[in-house]
Student: 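Please see the structure below; I have some questions.
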Amino acid sequence: MRPRSPRPPVAGLMWLRQAAEARLRHTCEQSDGLPGYGWLLHDGLRFGAQEIRDRGLTLRTEFVKRPGGEHGGDWSWRVTARPESAGEQSPLLSLLFYVATDGQGTLQPHVENTRLVSVTGTSEELGRFNITFHKPTTETGEALRYASYNHLEARSPGLHRLTDVVKSSLSNRFVYAAPGEAKRRYFAVDTDRALPGEPGQAPHSHLLLHQVTLTLPCRVEVTFESGSFAERPGSLVGAALSQELAGHVAAFEQRFEETFSLARKGFPPQQRRFAQAALSNMLGGMGYFHGSSVVQSAHSQHPLPYPEGPLFTAVPSRSFFPRGFLWDEGFHQLLLARWDPALSREVIAHWLDLMNAEGWIPREQILDDEARAKVPPEFILQHSEAANPPTLFLALQQLLREPGQGPAELSYLRSLFPRLRTWYEWYNTTQAGPLPYTFRWRGRDQDTDLFLNPKTLTSGLDDYPRASHPSPAERHLDLRCWMALASGVMAQVAERLGEPAAEYRRMEQALRDNALLEQQHWAAQLGMFADYGNHSQAVGLEREKVALGPGQPRHQVPTPRLVRVVRKPPQLQFVGALGYVSLFPFLLQLLRPDSPRLGSILGDMRSDQKLWTPYGLRSLARTSPLYMKHNTEHDPPYWRGPIWINMNYLALRALHHYASLEGPYQQQAAALYQELRANLIANLHRQYRESGYLWEQYSDSTGKGQGCYPFTGWSALVVLVMAEEY
Ligand code: 6A9
């Protein structure tokens, strides 16, 4: 828990299942290998319920916020722990609740015997507050027979080091001695231990921690009470908290059905809970970040810190990518704009505020020490010529369609408009292609000898095959289609505001012109839409030949590297790589419904040899030369076969669109729509049931989730697919 402010006090939970080798759990770490965790319900604002399955036990964590006073009001947490299976000797569990400051504010512990009963504190944004650690109870609220208490007061160099500080204070010299039971040793925080710190660095955070050790099942509650909340009807604990939680659950269920109609559409309860969890995990994963990117621009020799600022955003993955990504966010907001348009508007405004004077927005937001601690150094630097698909226009398009557009929405748009104009211009100029109305992603990999195909991280499709030899002659089909979308939304916004819109409309029409599109991107020989550039298909990775020196023993020679060999020189031509990029004129609905190209795209999509699988559309056709090929020894295929949900969502959205327009392919589109939708929902639900998670991507041969988890970024778009919201 933290307020949305730069250097806030935070409160949190760690836990420890007592065993010979005790493992402290704190932040979401994929390496912990938990069988499942995530928000089952979360409204994004005031309430959430999470389930965490760890070995031998299940934790349910629930919170409620109650507004009041001048500092955001109160909140309460309840943690309920149950053994995984009844019967065995109940495992001993420690719950560690903490409060910590981040460079400002004060905390005052109140200890009775060895028990930290409460903490009073102050901070700039919260004023005075009081946090109480209530006595543990049974699940039904009766006092527990026995529990052990420990507490810790410590200094930490920063919030990102809290886990280390607590870990290094653990000692197993403590004894759990419940009457009538065998004594057990257990690990606990030990204030006597030397407090770790970093030499030469002033301690930054003040940490107070309450540890309760007990047997299962049990329940523990923590309340935060705001000093300026004068007429509190009573503390939010016990029965009052149960009642409040029940009210929120009922309200969530009702709002979920009103928004997505899944019961009305006939989804059984199990699938509805799956969809609720997908939405809730995106909401519960939202974060407020503060700090600055490290930026390399063309104007300076050295990397510079970007101006400091806040970002309120959803994230792709709580464990692996817990930070903002520009093009992911557009997809996230397609879902959130339906749940809570006001929340969505806030997020979009935060992102646009990250723009520099030239109109650039850094693609990956690695803003503070906590974020930097999780990212290898080579990924930290953001380059100011690097783009990313402008998917925020997709989200804006959706917001413009939401009912109830009044003066507030209009004035929001008005305040956004100068930034939107600058952003659009930035793409239009810095990512322009070699011919009018063509576009080119800047910043492809330069070191072409070491990659089978130099990556295009900026496009979002990383290793999707492009021209083998990057050059200014390239024209990228996906970017051109994104620009058609951007132009259309700009025109719509300008028209709504009474600003000059003609130029945006003209641009949109030119980019939508099917004849021009075909001239620049239809590869007749390949029978597909394609990129164009300096390209050779005859490339491969081979072991470098290393000559042995005279008398040199073989084992002294370093292992030869894999290098790229080009067996036929590149030439300017279309790039044969049937897959997501080839579909873009369809995905973003540029094709006229009577275009014969639409027919051929639908055919490629439905072909098992090409893009069709029983689990969704694969990213690259099985017939494509680089299908499932490694890019380097250590770089396995990513966008070269696996199924990605953001693109499948766009495909369903387009099928739905073409199924609603008269034309020669209307029936075909409608049939494909039904089939693809059913496949996608069935597989994602099955993966969630079997693995406990939604995933970054899915295998095109088995449907199994792959990459990182839980990934409730764009994979959560399955909710919109179930709801048929496009
Ligand atoms: C690596 C490693 C702990 C890759 O979802 C975020 C992005 C997408 O925008 C992009 O389209 N993902 C996709 O191709 C993940 C990118 C992660 C890069 C940082 C650091 C951290 O290890």
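Just follow the structure's listing: the first ligand is 1, and inside any ligand the first atom is 1.
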Student: So what's ligand 1 close to, N/O to N/O, under 3.5 Å?
Tutor:
{"unit_1": "ligand 1", "atom_1": "5 (O)", "unit_2": "D328", "atom_2": "OD2", "d": "2.7"}
{"unit_1": "ligand 1", "atom_1": "9 (O)", "unit_2": "W327", "atom_2": "NE1", "d": "3.0"}
{"unit_1": "ligand 1", "atom_1": "9 (O)", "unit_2": "D328", "atom_2": "OD1", "d": "2.6"}
{"unit_1": "ligand 1", "atom_1": "11 (O)", "unit_2": "W327", "atom_2": "NE1", "d": "2.9"}
{"unit_1": "ligand 1", "atom_1": "11 (O)", "unit_2": "G460", "atom_2": "O", "d": "2.6"}
{"unit_1": "ligand 1", "atom_1": "14 (O)", "unit_2": "G460", "atom_2": "O", "d": "3.3"}
{"unit_1": "ligand 1", "atom_1": "14 (O)", "unit_2": "D462", "atom_2": "OD1", "d": "2.9"}
{"unit_1": "ligand 1", "atom_1": "14 (O)", "unit_2": "D462", "atom_2": "OD2", "d": "3.0"}
{"unit_1": "ligand 1", "atom_1": "14 (O)", "unit_2": "W639", "atom_2": "NE1", "d": "2.9"}

Student: So Y288 and H290, would you call those rings parallel, tilted or perpendicular, with 30° and 60° as cut-offs?
Tutor: parallel
Student: Please check if atom CD in E378 has more than 12 non-hydrogen atoms from other residues, nucleotides or ligands closer than 6.0 Å.
Tutor: yes
Student: CZ/F274 to CD1/I681 distance, rounded to the nearest 0.5 angstrom?
Tutor: 8.5 Å
Student: Which of these, D463, D462, D635, sits in a side chain to side chain donor-acceptor pair (under 3.5 Å) with K455?
Tutor: D635
Student: Can you see whether Y532 has R475 sitting over its ring - NZ or CZ less than 6.0 Å from the centre and within 45° of the normal?
Tutor: yes
Student: Tell me which pairs pass side-chain hydrogen bond (donor to acceptor under 3.5 Å, both in side chains) where either residue lies in residues 381-392, with sequence neighbours left out.
Tutor: none
